[in-house]
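Data first, discussion second: the structure below is written as structure tokens.
Every chain is numbered from 1, with letters handed out A, B, ... down the list of sequences.
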Protein chains: 2
Amino acid sequence: MPVGAIPFPFGDCRICNDKATGVHYGVATCEGCKGFFRRSIPKGEKYKCFFGGQCVISPQNRNRCKACRFKKCLDTGMAIDGMIFQILHSKSC
Amino acid sequence: MPVGAIPFPFGDCRICNDKATGVHYGVATCEGCKGFFRRSIPKGEKYKCFFGGQCVISPQNRNRCKACRFKKCLDTGMAIDGMIFQILHSKSC
DNA sequence: AAAGTAGGTCACAAGGTCAG
DNA sequence: CTGACCTTGTGACCTACTTT
């Protein structure tokens with residue numbers, strides 16, 4: 001990083017309000033939410049909220065409820081392509 | 001760019017349908033497919049399609065499948081001098 | 001001169017890694 | 001599983017060069 005550079009020009013993570021490190025999967029997020037979203041793609045359906053589905057995601061509690069965290073990712077617009085998942089169901093050559 | 005100039009007189013990229021920026025390696029392509037083809041030449045053999053070898057290349061998903069993107073480059077006629085023919089005889093997908 | 005392309009550059013994001 | 005860090009490919013922009 002150059003001297004005098006602004007450390008976090010991307011503002012806050014749109015998911016948990018931590019510091020965003022860049023635009024990831026279409027949304028400014030921190031490294032944590034970026035990695036979480038990537039890992040969640042193949043298993044997102046299985047998440048379930050135990051607190052009523054209205055959890056407020058913060059840097060401190062973001063690992064408390066995967067369901068609400070992942071829901072916020074989707075609601076905010078994070079996406080890996082979109083059509084890829086249909087394609088994944090087809091066979092390779 | 002002069003005032004009144006047409007931004008993309010070359011039409012659409014023959015590979016991914018993004019906007020073409022000129023004729024590159026013999027084919028009207030965007031900057032992305034131009035750079036991808038240039039980088040691919042020394043390693044194109046190693047690409048492999050995991051989706052059946054029939055991927056439709058679009059600006060959004062063009063980085064999903066290097067094999068099909070590169071195959072389309074070759075099929076569409078992109079070439080760097082004469083080395084193209086050697087590559088065509090090797091495996092792809 | 002103008003027009004146009006090959007190849008270089010490098011900030012940026014995707015995906016991988018692995019200690020915790 | 002998490003997330004700070006790492007590696008690698010991408011593509012918008014740039015320069016150098018050719019052609020007319």
Side-chain angles (χ1 to χ4, degrees), chain A residues 1-2 4-44 46-48 57-67 69-70 73 77-82 84-85 88, chain B residues 1-44 46-48 50 57-70 73 77-84:
Chain A
M1 182 150 62
I6 304 169
F8 296 105
F10 299 101
D12 293 342
C13 174
R14 293 287 308 279
I15 309 303
C16 74
N17 287 319
D18 202 350
K19 293 301 176 188
T21 61
V23 174
H24 304 295
Y25 306 108
V27 176
T29 70
C30 64
E31 285 295 307
C33 290
K34 165 193 149 187
F36 171 77
F37 183 73
R38 186 177 64 233
R39 286 190 300 268
S40 293
I41 288 303
K43 57 188 172 184
K46 290 179 290 199
Y47 294 152
K48 184 175 187 309
I57 312 297
S58 74
Q60 289 73 37
N61 73 1
R62 64 190 176 200
N63 290 321
R64 279 275 150 199
C65 181
K66 297 177 197 294
R69 191 186 193 182
F70 188 56
C73 287
M78 293 181 80
I80 298 181
D81 291 351
I84 187 66
F85 307 112
L88 277 171
Chain B
M1 182 148 63
V3 175
I6 303 169
F8 295 105
F10 299 101
D12 293 342
C13 174
R14 292 287 307 280
I15 309 303
C16 73
N17 288 320
D18 202 350
K19 293 300 175 188
T21 60
V23 175
H24 304 295
Y25 307 108
V27 175
T29 69
C30 63
E31 285 295 305
C33 290
K34 165 193 150 187
F36 170 77
F37 184 72
R38 185 176 66 232
R39 286 189 301 270
S40 293
I41 288 303
K43 58 187 172 185
K46 290 179 292 204
Y47 294 152
K48 183 175 189 311
F50 300 100
I57 313 297
S58 73
Q60 289 72 36
N61 74 3
R62 63 190 175 201
N63 290 320
R64 276 282 142 198
C65 182
K66 297 176 197 296
C68 288
R69 191 185 192 181
F70 189 55
C73 287
M78 293 181 79
I80 296 182
D81 295 339
M83 60 196 326
I84 187 71

Whole-Å distance, B:Met78 CE to C:dG7 P, equals 11 Å
Separation of C:dG15 atom C1' from A:Phe37 atom CZ, nearest Å, is 14 Å
Protein heavy-atom contacts under 4.0 Å, written 5' to 3' over nucleotides 3-17 of chain D as B (base), S (sugar-phosphate only) or - (none), form the string BBB---SBBBB----
By side-chain contact (heavy atoms from CB on, under 4.5 Å), A:Arg39 pairs with (sequence neighbours left out) A:Phe36
Checklist entry - Any side-chain heavy-atom pair from A:Arg62 and A:Cys30 closer than 4.5 angstrom? => result yes
Between OH of B:Tyr25 and C1' of C:dG8 the distance, given in whole Å, is 10 Å
So CD1 of B:Ile15 and OG1 of B:Thr29: to nearest 0.5 Å the spacing works out to 7.0 Å
Across all chains, not counting sequence neighbours, the side-chain contact (heavy atoms from CB on, under 4.5 Å) partners of A:Arg38 are A:Tyr25, A:Lys34
*Evaluate side-chain contact (heavy atoms from CB on, under 4.5 Å) for B:Arg69 paired with B:Arg64, printing each intermediate quantity in order.*
CA-CA 9 Å; B:Arg69 191 185 192 181; B:Arg64 276 282 142 198; over 6 Å; no
